[in-house]
Amino acid sequence: MIGTVREVAPEVDADALLGGAQFIDAFCVDIGAAAVNAREACTRMVLNGPRWIDALLRLRNILVRPFGLKTSGEGAPAPRGMIGLFPVLSETPEQLVAGFDDSHLDFRIVIDVSGDAASRQVTSTTLVRTHNLLGRTYLALIMPFHKLVVRNMMGRIVETAR
């Protein structure tokens, strides 16, 4: 059904994207005939979110600053520019990989667009590799919000296409 976000089994090469990742999940949404490439899907997800997600990100930035954690992709190499606070690491029309490495954890967001012109799907896959206790703690604290945020962001792809 168009617009229904569902959790799916990840279908990315995790070792190639982020070897040693301890966390990986994926969500998919059918977007019908909407002509969307991976960059456009990612932009719709990240830049058109509801205010409560922006508020959570601001709170996160305030809370992690004393620990020396990055508050965005600051300082990360961004060979393909930024989408919101995410540096784009690689990109084709069908797949965009964004993310950065930090002292506590590394993460990647992979946006895949598949299907034919009449029935397209967008899949968002998140991969995380922690480095230390701070990274594992951060991951444990963020997980209750992760699925809710990703589902909401994925729904924005369809809403902004209308």
Side-chain angles (χ1 to χ4, degrees), residues 5-31 36-49 53-54 56-61 63-65 67-115 120-157 160:
V5 179
R6 60 195 186 283
E7 191 164 5
V8 296
E11 293 185 10
V12 297
D13 183 350
D15 287 332
L17 291 165
L18 190 63
Q22 296 115 331
F23 172 83
I24 182 171
D25 71 357
F27 292 85
C28 184
V29 64
D30 293 318
I31 61 170
V36 173
N37 64 28
R39 178 173 280 271
E40 179 65 21
C42 188
T43 299
R44 289 178 184 192
M45 287 175 60
V46 172
L47 300 183
N48 297 308
I53 291 177
D54 292 337
L56 276 178
L57 284 173
R58 282 192 302 277
L59 176 62
R60 176 239 179 244
N61 289 342
L63 293 174
V64 303
R65 192 174 308 257
F67 298 101
L69 303 183
K70 292 179 182 177
T71 57
S72 71
E74 63 198 20
R80 306 248 192 263
M82 304 275 287
I83 297 179
L85 56 87
F86 302 112
V88 177
L89 304 176
S90 67
E91 176 180 11
T92 66
E94 296 80 28
Q95 184 180 75
L96 182 138
V97 179
F100 54 86
D101 300 343
D102 205 346
S103 60
H104 68 303
L105 60 76
D106 305 335
F107 79 95
R108 302 291 181 270
I109 299 169
V110 183
I111 306 299
D112 286 298
V113 178
S114 60
R120 301 175 66 74
Q121 300 82 38
V122 176
T123 303
S124 175
T125 305
T126 304
L127 302 102
V128 179
R129 175 179 58 210
T130 61
H131 297 296
N132 50 36
L133 179 60
L134 181 58
R136 290 186 295 278
T137 302
Y138 178 81
L139 185 61
L141 292 173
I142 201 78
M143 278 303 100
F145 303 102
H146 171 75
K147 289 184 182 196
L148 179 64
V149 169
V150 172
R151 284 180 185 275
N152 192 286
M153 292 172 75
M154 293 286 292
R156 301 295 298 163
I157 298 169
T160 58

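Computed from a predicted structure; not experimentally measured.
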Inset, instruction - Write down the atom of Pro10, the atom of Ala26, and the distance for their closest heavy-atom approach. - result: CA-CB, 3.8 Å

Inset, instruction - Looking only at non-hydrogen atoms, find the nearest pair between Arg44 and Val36 and report the distance. - result: NH1-CG2, 3.5 Å

Inset, instruction - Return the set of residues passing ring pair (Phe, Tyr, Trp, His ring centres under 6.0 Å) with Phe27 (not counting sequence neighbours), or none when no residue passes. - result: none

Inter-residue atom distance [X].[atom1] - [Y].[atom2], 0.5 Å rounding:
X      : Y      : atom1 : atom2 : answer
Leu134 : Ser103 : CG    : OG    : 7.0 Å
Thr125 : Arg108 : OG1   : CZ    : 13.5 Å
Thr130 : Tyr138 : OG1   : OH    : 13.0 Å

Inset, instruction - Using a 4.5 Å cut-off on heavy atoms from C-beta on, say whether the side chain of Thr126 contacts that of Val128. - result: yes

Inset, instruction - Would you mind reporting whether Val97 and Ile109 have side-chain heavy atoms less than 4.5 Å apart? - result: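 Of all side-chain heavy-atom pairs linking Val97 with Ile109, none is under 4.5 Å.
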
Backbone N/O of [Y] and side chain of [X]: donor-acceptor pair under 3.5 Å:
X      : Y      : answer
Thr92  : Glu94  : yes
Arg39  : Glu91  : no
Asp102 : His104 : no

Taking side chain to side chain contact (heavy atoms under 4.5 Å, CB included) as the definition, give me every residue that meets it alongside [X], ordered by chain and number, with sequence neighbours left out.
X      : value
Gln121 : Cys28, Asp30, Ser114, Ser119
Arg129 : Leu18, Gln22, Asp106, His131
Asp13  : Asp15, Ala16
Thr137 : Leu133, Leu141

Legend entry - Pair Gln95-Thr123, side-chain contact (heavy atoms from CB on, under 4.5 Å): steps then yes or no: CA-CA 9 Å; Gln95 184 180 75; Thr123 303; over 6 Å; no

Inset, instruction - May I have the step-by-step check of side-chain contact (heavy atoms from CB on, under 4.5 Å) for Phe86 and Val46, ending in yes or no? - result: CA-CA 9 Å; Phe86 302 112; Val46 172; 3.8 Å; yes

Legend entry - Set of side-chain hydrogen bond (donor to acceptor under 3.5 Å, both in side chains) partners for Asp25, sequence neighbours left out: His146

Inset, instruction - In sequence, state the C-alpha distance, the side-chain angles, and the governing distance for Leu139 and Phe23, and then conclude on side-chain contact (heavy atoms from CB on, under 4.5 Å). - result: CA-CA 9 Å; Leu139 185 61; Phe23 172 83; 4.1 Å; yes

Inset, instruction - Only one of Ile83, Val110, Asp112 passes side-chain contact (heavy atoms from CB on, under 4.5 Å) with Leu96; say which it is. - result: Ile83

Legend entry - Glu7 atom CD: more than 12 heavy-atom contacts under 6.0 Å: yes

Inset, instruction - In sequence, state the C-alpha distance, the side-chain angles, and the governing distance for Val88 and Met82, and then conclude on side-chain contact (heavy atoms from CB on, under 4.5 Å). - result: CA-CA 6 Å; Val88 177; Met82 304 275 287; over 6 Å; no

